[in-house]
Amino acid sequence: SNAHQREREASMTKSKKGKSFTYTGGLDGIEVCLPTHTYTFVRGEALEVCAEDAAVLKARSDFSAGTKKAPADSTPEEV
């Protein structure tokens, strides 16, 4: 249906503001199937993911938020 397709496209554009994550686990690399996309992470390299997938990675101890592209509204210094 046309309405469903428009809705999907709208949700895809809404989630454009992604976050960057770095795999810090014990493997050289890992493929992760997340709700929206599948990513291949190389240990130590930051990879940008969409907002929905970022919510899942935030909860995992083998990933850390990366520094590839810091969002404009974040402050770099730690408090």
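Being a predicted model, the structure only gives us computed values, none of them experimental.
- The two residues Thr24 and Ser64 make their nearest non-hydrogen contact at CG2-OG, 3.6 Å.
- Cluster membership check: Leu27 does not share its hydrophobic cluster with Val42, using side-chain heavy-atom separations under 4.5 Å among Ile, Leu, Val, Met, Phe, Trp and Tyr.
- For Tyr39 and Phe21, the ring centers are positioned 6.0 Å apart or more.
- Residues Thr40 and Leu47 share a closest heavy-atom pair of O-CD2, 3.5 Å.
- Contact annotation: the side chain of Ile30 approaches that of Phe63 to within less than 4.5 Å [non-hydrogen atoms, C-beta and beyond].
- Within the 4.5 Å cutoff, the side chain of Arg60 has heavy atoms near those of the Val32 side chain.
- Contact annotation: the side chain of Tyr23 approaches that of Asp62 to within less than 4.5 Å [non-hydrogen atoms, C-beta and beyond].
- Scanning both residues, Gly26 and Arg43, for their nearest heavy atoms gives O-NH1, 3.3 Å.
- Considering only heavy atoms from C-beta on, Glu31 comes within 4.5 Å of Thr38 through its side chain.
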